Amino acid sequence: MVAWLLGPGARDVTGRVLEAGDGQISVPGTWQPGTPFPLPPLMSPEAADALLPRVLASAAPPPALLTSLPDPG
């Protein structure tokens with residue numbers, strides 16, 4: 001998961017929390033857990049590239065505070 005976040009597949013991921021544990025990964029909502037997805041015991045970069053965009057797409061949009069910040073660039 002960490003390697004995927006450092007790569008090009010996560011280029012647009014910002015202001016998100018990923019919760020991983022007990023063989024699952026999710027994106028928690030505001031004070032609520034997100035939809036759990038099963039994690040393989042050892043995840044390859046290719047498997048992460050297939051799974052993590054689905055996990056993020058299943059989550060509610062980030063709070064307005066995180067989407068309304070000006071672009072520093």
Side-chain angles (χ1 to χ4, degrees):
M1 184 170 79
V2 172
W4 182 82
L5 285 168
L6 294 170
R11 159 185 24 223
D12 296 323
V13 177
T14 184
R16 303 302 292 198
V17 173
L18 296 171
E19 180 179 36
D22 294 329
Q24 300 181 72
I25 184 169
S26 69
V27 179
T30 307
W31 302 104
Q32 296 182 31
T35 303
F37 287 78
L39 282 172
L42 295 173
M43 187 162 49
S44 69
E46 294 80 17
D49 199 34
L51 176 62
L52 291 169
R54 289 183 23 232
V55 172
L56 289 161
S58 76
L65 174 66
L66 297 175
T67 59
S68 64
L69 296 175
D71 185 358

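The model shown is predicted, which means the values in this text are computed figures rather than measured ones.
Under a 4.5 Å side-chain heavy-atom cut-off, the cluster of Ile, Leu, Val, Met, Phe, Trp and Tyr residues that includes Val2 is completed by Leu6.
Residues that satisfy the side chain to side chain contact (heavy atoms under 4.5 Å, CB included) test with Gln24, not counting sequence neighbours, are Pro36. Applying the side chain to side chain contact (heavy atoms under 4.5 Å, CB included) rule to Ala3 yields no partners; only residues at least two apart in sequence or on another chain are considered.
Residues Leu5 and Val17 do not share a hydrophobic cluster, clusters being chains of Ile/Leu/Val/Met/Phe/Trp/Tyr side chains in contact below 4.5 Å.
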For residues 49-60, run the donor-acceptor check on the side chains, cut-off 3.5 Å, and write out each pair with its distance to 0.1 Å, sequence neighbours left out.
unit_1	atom_1	unit_2	atom_2	d
Asp49	OD1	Trp4	NE1	3.2
Ser58	OG	Val55	O	2.7

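When all heavy atoms of Met1 and Ala20 are compared, the pair lying nearest together is CE-CB, 3.9 Å.
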Exercise for review: Decide yes or no on side-chain contact (heavy atoms from CB on, under 4.5 Å) for Val27 and Leu18, but give the supporting numbers first.
Suggested key: CA-CA 5 Å; Val27 179; Leu18 296 171; 3.4 Å; yes
